[in-house]
Structures are given as structure tokens and as C-alpha cells.
Amino acid sequence: MAVLVLGGAGYIGSHTVDRLVQKGEDVVVVDSLVTGHRAAVNEQAKFYQGDLSDQDFMRKVFKENPAIKAVIHFAAFSLVAESMTDPLKYFDNNTAGMIKLLEVMNEVGVKKIVFSSTAATYGIPKTMPIKESDPQKPINPYGESKLMMEKIMRWSDEAYGIKFVALRYFNVAGAKEDGSIGEDHHPETHLLPIVLQVAMGKRDKLMIFGDDYDTPDGTNVRDYVHPTDLADAHILAVKYLLDNNNSNAFNLGSSTGFSNKQILEAARDVTEKEIPAEKAPRRGGDPDTLVAASDKAREVLGWKPQFDDIHKIIATAWKWHSTHPQGYADQD
Ligand SMILES: NC(=O)c1ccc[n+]([C@@H]2O[C@H](COP(=O)([O-])OP(=O)(O)OC[C@H]3O[C@@H](n4cnc5c(N)ncnc54)[C@H](O)[C@@H]3O)[C@@H](O)[C@H]2O)c1
Ligand SMILES: O=c1ccn([C@@H]2O[C@H](COP(=O)(O)OP(=O)(O)O[C@H]3O[C@H](CO)[C@@H](O)[C@H](O)[C@H]3O)[C@@H](O)[C@H]2O)c(=O)[nH]1
């Protein structure tokens, strides 16, 4: 059997493809390369460049690869701030794209899908850590687009029997331990890669967006999870579906929160660089704190994350960034 990975040339997708190949699975990748990199895809995976909303193209992929039994879907836009100023871009690629994909999956009879949801579907949680059963009330269009995807899946399960696992990741950070693949977004907007670009001298300073949040040091608190641990969770979720279990949703995080200032301090320790920083106004759409309760994934899927130390996570990211100062630019 084979697994189809949509968005397999992206940051988290490339780590999952790599892990699947290491485990001896047959992997087919579809990616439009709108934000991803061809060089990030393990060479043993079969690669198609194209958009998942192009139904003729997707029919061809399924036809040429009849061994595909499950889909892992990472292919989406995911920047909270951009979604605030261009929401339709998010509803189009993420939500409408999902409808086009499910139509083809139903047609060709592939009825198992694991998909990237997000902590951003919870909005401003009333209690911490966040449980899967807590209310989902997004405060940005990105989170809304992903919640809509979850709802579309629920009804598609009921009507067409398409079984899904929604994996709600918290903040993803780090790179493969050997430093061969990592995070390379253009423009880069995520906290840790920006902090490390300052450490490398590629930027002058970090701007800390908001220091008057309702948190111990006034900066936002986030829960960081490593892409290799996420890859393992996806592989376990595929197995869960292939074992004919019901549709489900799981949080994926470490259950520990770090403030933006704590991330900066930890990065200073790991890199032994000064990393200048200064405060800046709040960015739109940021909740104070997002920390996961992820016992459910451990109990039901048997997920055992390996990276439970923020210094270790930052060290893997530092290895990638310091050995690839131009990201994949030299390889693409
Ligand atoms: N990075 C995070 O912290 C984080 C946290 C929670 C959830 N997520 C979700 O995880 C997924 C992957 O995130 P990432 O950080 O790896 O992003 P990424 O941009 O690195 O990867 C997304 C990949 O999908 C491809 N893609 C996008 N739209 C496509 C389309 N219509 N057809 C085909 N390919 C398309 C891109 O080219 C890219 O390779 C996203 O769905 C995102 O919403 C990410
Ligand atoms: O230059 C920067 C960049 C970020 N931040 C702050 O750092 C924190 C983390 O921001 P970022 O790394 O951009 O991640 P999030 O906006 O929290 O979103 C990530 O994590 C979410 C889950 O929590 C996912 O849904 C999103 O896809 C993913 O981009 C936030 O408080 C930002 O305001 C700064 O202060 N300065």
C-alpha cells in the first residue's frame, strides 16, 4: 500500500515524508511548491507538482498510483497575521481546496485522511491546558478556515464514510536531528526561525509583538512541538484509520508553555549569541496563551514524543539554520 502526502515539500510535510520512507512505506507526494521546496522531499518518494484543487490532476495521481490507501493532508496556507489581512486567500486554498479534494477522494474510493488542523481553532480558551473537547471559537481567519475543514470532514464522514483524523498542532519548531531538512518559509514570520536569523546576523533584531498580554512576563505563551514527533503522530494516525477506527481529533503539543521572552532566552543559551530584541506593538489575531493537553494522542494513538526539552528543539533548528543560511535556495 502507499500513502499520498499533500504538501509533502513543506516544513512539516517533508519531515513526515522522510519518516515514512525511513519506515519502508511507499510514498507519493503532491505539492504545488507555492511555499514548499522540491529539495526538501526525500528522493525515494514519488513526486508530482500540482495543485490539489485541480481535480483532473488529482484523478490522474490516484489513477497512476492505485496502491494509495490513505491521504495525509498538509497543503494549506498557515500564517495567522496574513490571514487577518487576506482572509479569502485562506478560505479559498484551505477550505475550498478541501472540498475539491474530498470530492475526488470519494469518487476514487480512498476514504481515509489525516489532516493538519491547529491550536488556532480554539481562539481564546477559557481554561488551560486546552482539551480536544473545549469550545472551538477561532479569532483569526486562518483558524476559522481550519475549523471549517474539520466541520466539512465530519459531514463527509457521515454522508460518504470518509474517515478522518484532525491533528491540531500547537507551535511547530525544530528540524531533523542530522540537520538535512528544516524550516524555510518566505517571508519567514515564525518566532524561532526569526530569533535564529538574528543570531546568524541575517536580521538586526527581534521585534517582540506585545508585552502587555495577560501572561507572567506579558508576552504570548506557546507550546512547542518538534516536526519529527509530529511525523510520528501522523504515521500512527494513518494506522489508526487503517485499523478501521472512527474519525477523531487530537491535540499535538508538549503540554508546556514558553513565553516569547523565554524562547529568546533559551535561544541565547543554545546559540551563545546576544540576539538583540525590542518591544513592538501587538500583532493582530494572537491569543495570550496556547498550551495543549495532549494525553489523548498518547493514550489513543500511542504517541510518544521524543523532544520534550525546548533547548533540544532549538538546538536542532540551530543546526539546520547555521548549516543552511540560505535555506533550500542552493538546492531547489
Ligand atoms: N508550522 C506550524 O507551526 C503549524 C502549526 C499548526 C498547524 N500547521 C499546519 O500544518 C500544515 C503544514 O504547515 P507547514 O508549516 O509545513 O507549512 P508549509 O507552507 O511549509 O507547507 C505547506 C505545503 O503545502 C503546499 N501547498 C499549499 N497549498 C497547496 C495546494 N493548494 N496544492 C498543493 N500544494 C499546496 C506548499 O507548497 C507547501 O509545500 C499546514 O496545513 C498548517 O496549517 C502548521
Ligand atoms: O517576529 C516575531 C514573530 C512572532 N512573534 C510572536 O511569537 C509568537 C509565535 O508566533 P508565530 O511563530 O508566528 O506562530 P503563531 O502565530 O502562534 O502560529 C503558529 O502556531 C499556530 C498554532 O499555535 C499554528 O496554527 C500556525 O500555523 C503557526 O504559524 C506570537 O506571540 C507572535 O506574536 C514575535 O513576537 N515576533
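Order of appearance sets the numbers: ligands from 1, and atoms from 1 within every ligand.
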Visitor: State if Phe115 counts as touching ligand 1 under the rule of any non-hydrogen atom under 4.0 Å.
Guide: no

Visitor: Any side-chain heavy atom of Trp303 within less than 4.5 Å of one from Ser294?
Guide: yes

Visitor: What part of Val30 sits under 4.0 Å from ligand 1 if we count only heavy atoms: the side chain, the backbone, both or neither?
Guide: neither

Visitor: Using side chain to side chain contact (heavy atoms under 4.5 Å, CB included) as the criterion, point out the one residue from Leu167, Val17, Val5, Asp31 that pairs with Phe74.
Guide: Val5

Visitor: Val104 versus Phe57: any side-chain heavy-atom pair under 4.5 Å?
Guide: no

Visitor: Among protein heavy atoms, which sits nearest to atom 17 (O) of ligand 1, and what does the distance come to when rounded to 0.1 Å?
Guide: His185 NE2, 3.7 Å

Visitor: Quick one, Gln136 and Tyr122 - any side-chain contact, counting heavy atoms below 4.5 Å?
Guide: yes

Visitor: Write out the residue and atom name of the closest protein heavy atom to atom 8 (C) of ligand 2, then the distance separating them to 0.1 Å.
Guide: Asn260 OD1, 3.4 Å

Visitor: Distance to 0.1 Å, residue and atom name: give those for the protein heavy atom nearest to atom 24 (C) of ligand 2.
Guide: Thr118 OG1, 3.5 Å

Visitor: Output yes when a side-chain donor or acceptor of Ser254 lies under 3.5 Å from a complementary backbone atom of Asp308, and no otherwise.
Guide: no

Visitor: Just wondering, do Leu20 and Ile72 contact through their side chains at under 4.5 Å, heavy atoms?
Guide: yes

Visitor: With a 4.5 Å heavy-atom cut-off, do Tyr142 and Lys89 have their side chains touching?
Guide: no

Visitor: Which ligand 1 atoms are under 4.0 Å away from a heavy-atom of Leu33?
Guide: 37 (O)

Visitor: Return the residue, atom name and 0.1 Å-rounded distance of the protein heavy atom closest to atom 37 (O) of ligand 1.
Guide: Asp31 OD1, 2.6 Å

Visitor: What I want to know is whether His37 and ligand 1 share at least one N or O pair that is separated by under 3.5 angstrom.
Guide: no

Visitor: With a 4.5 Å limit on heavy-atom distance, are the side chains of Tyr11 and His190 in contact?
Guide: no

Visitor: Which option out of Ser32, Ser53, Gly10, Gly50 puts a heavy atom nearest to atom 34 (N) of ligand 1?
Guide: Ser32

Visitor: Judged on heavy-atom distance to atom 43 (O) of ligand 1, which of Phe77, Tyr142, Phe170, Tyr224 sits nearest?
Guide: Tyr142

Visitor: What part of Ala119, side chain from CB on, backbone N/CA/C/O, both or neither, has a heavy atom under 4.0 Å from ligand 1?
Guide: neither

Visitor: Answer with yes or no whether Ser14 contacts ligand 1, where contact means a heavy atom under 4.0 Å from a ligand atom.
Guide: no

Visitor: Could you tell me which atoms of ligand 2, counted from 1 in the order shown, lie closer than 4.0 angstrom to a heavy atom of Arg222?
Guide: 17 (O)

Visitor: Between Lys296 and Glu132, does the salt bridge (Lys or Arg N to Asp or Glu O under 4.0 Å) criterion hold? Intermediate values first, please.
Guide: CA-CA 8 Å; Lys296 187 178 165 190; Glu132 287 83 353; 5.3 Å; no

Visitor: What class does the angle between the rings of Phe258 and Tyr224 fall in, given that below 30° is parallel, 30 to 60° is tilted and above 60° is perpendicular?
Guide: tilted

Visitor: Against heavy atoms of Asn220, which atoms of ligand 2 measure under 4.0 Å?
Guide: 30 (C), 31 (O), 33 (O)

Visitor: Could you pull out the closest heavy-atom pair between Gln306 and Asp229, with the gap in Å?
Guide: N-OD1, 2.7 Å

Visitor: Can you list the ligand 2 atoms lying under 4.0 Å from a non-hydrogen atom of Ile208?
Guide: 35 (O)

Visitor: At a 4.0 Å threshold, what atoms of ligand 1 neighbour a non-hydrogen atom of Ala9?
Guide: 39 (O)

Visitor: Nearest to atom 17 (O) of ligand 2, what protein heavy atom do you find, and at what distance?
Guide: Asn171 ND2, 2.9 Å

Visitor: Just checking His186 against Tyr328, ring centres under 6.0 Å apart?
Guide: no

Visitor: How far is atom 3 (O) of ligand 1 from its nearest protein heavy atom, and which residue and atom name does that atom have?
Guide: Val172 N, 3.2 Å

Visitor: Backbone, side chain, both or neither: what part of Leu290 comes under 4.0 angstrom of ligand 2, heavy atoms only?
Guide: side chain

Visitor: Determine, step by step, whether His73 and Met98 satisfy the side chain to side chain contact (heavy atoms under 4.5 Å, CB included) criterion, reporting the C-alpha distance in whole Å, the side-chain angles of both residues, the deciding distance to 0.1 Å, and the verdict.
Guide: CA-CA 9 Å; His73 175 23; Met98 178 64 140; 3.8 Å; yes

Visitor: Answer yes if the side chains of Asn65 and Tyr48 hold a donor-acceptor pair under 3.5 Å, and no otherwise.
Guide: yes

Visitor: Which heavy atom of the protein is the closest neighbour of atom 41 (O) of ligand 1, given with residue, atom name and distance?
Guide: Lys146 NZ, 2.7 Å

Visitor: Taking 4.0 Å as the limit for heavy-atom contacts, which would you say applies to Arg283 with ligand 2: side chain only, backbone only, both, or neither?
Guide: side chain

Visitor: For His73, which part has a heavy atom under 4.0 Å from ligand 1: side chain, backbone, both, or neither?
Guide: neither

Visitor: Heavy atoms only: give me the nearest Arg19-Ala231 pair and the separation to one decimal.
Guide: CB-CB, 3.9 Å

Visitor: With heavy atoms of Ala119 as the reference, note each atom of ligand 2 found under 4.0 Å away.
Guide: 22 (C), 23 (O)

Visitor: Report the C-alpha separation of His15 and Lys176 in whole Å, then their side-chain angles, then the decisive distance to 0.1 Å, and conclude whether the side chain to side chain contact (heavy atoms under 4.5 Å, CB included) test is met.
Guide: CA-CA 7 Å; His15 285 78; Lys176 189 179 172 188; 4.0 Å; yes

Visitor: Counting heavy atoms only, name the option from Gly36, Ser78, Gly8 that's nearest to atom 42 (C) of ligand 1.
Guide: Ser78

Visitor: With respect to Gly13, determine whether any N or O atom, backbone or side chain, lies less than 3.5 Å from an N or O atom of ligand 1.
Guide: no

Visitor: Which option, Tyr11, Tyr48, Phe57, Phe74, owns the non-hydrogen atom nearest atom 11 (C) of ligand 1?
Guide: Phe74

Visitor: For atom 19 (O) of ligand 1, what's the nearest protein heavy-atom neighbour? Residue, atom name and distance, please.
Guide: Thr35 OG1, 2.7 Å

Visitor: Under 4.0 Å from a heavy atom of Asp286: give me the atoms of ligand 2 that qualify, with their elements.
Guide: 30 (C), 31 (O), 32 (C), 33 (O)

Visitor: Please find the pair of heavy atoms, one from Ala173 and one from Pro227, that lie closest to each other, and give the distance.
Guide: O-CD, 3.3 Å

Visitor: Over 60° means perpendicular and under 30° means parallel, so tell me whether His324 and Trp320 are parallel, tilted or perpendicular.
Guide: parallel

Visitor: Which atoms of ligand 2 sit under 4.0 Å from any heavy atom of Thr189?
Guide: 3 (C), 4 (C), 13 (O)

Visitor: Which of the numbered atoms in ligand 1 are under 4.0 angstrom from any heavy atom belonging to Val34?
Guide: 26 (N), 27 (C), 28 (N), 36 (C), 37 (O)

Visitor: Checking a contact table here: which protein heavy atom is nearest atom 12 (O) of ligand 2, and how many Å away?
Guide: Leu191 N, 2.8 Å

Visitor: Could you check atom 29 (O) of ligand 2 against the protein and tell me its nearest heavy-atom contact, residue, atom and distance included?
Guide: His190 NE2, 2.7 Å

Visitor: Side chain, backbone, both or neither: which part of Phe209 comes within less than 4.0 Å of ligand 2 when only heavy atoms are counted?
Guide: both

Visitor: Got an N/O contact under 3.5 Å between Tyr169 and ligand 1?
Guide: no

Visitor: Around atom 28 (N) of ligand 1, find the nearest protein heavy atom and jot down its residue, atom name and distance.
Guide: Asn93 ND2, 3.0 Å

Visitor: What protein heavy atom sits nearest atom 9 (C) of ligand 1, and how far off is it?
Guide: Ser116 CB, 3.7 Å

Visitor: Do Gln55 and Arg59 pass the side chain to side chain contact (heavy atoms under 4.5 Å, CB included) test, and can you show the C-alpha distance, the side-chain angles, and the key distance before you say yes or no?
Guide: CA-CA 6 Å; Gln55 293 188 317; Arg59 282 187 191 103; 3.8 Å; yes

Visitor: Could you check atom 16 (O) of ligand 1 against the protein and tell me its nearest heavy-atom contact, residue, atom and distance included?
Guide: Ile12 N, 2.8 Å

Visitor: For Gln197 and Glu188, does a side-chain donor sit closer than 3.5 Å to a side-chain acceptor?
Guide: no

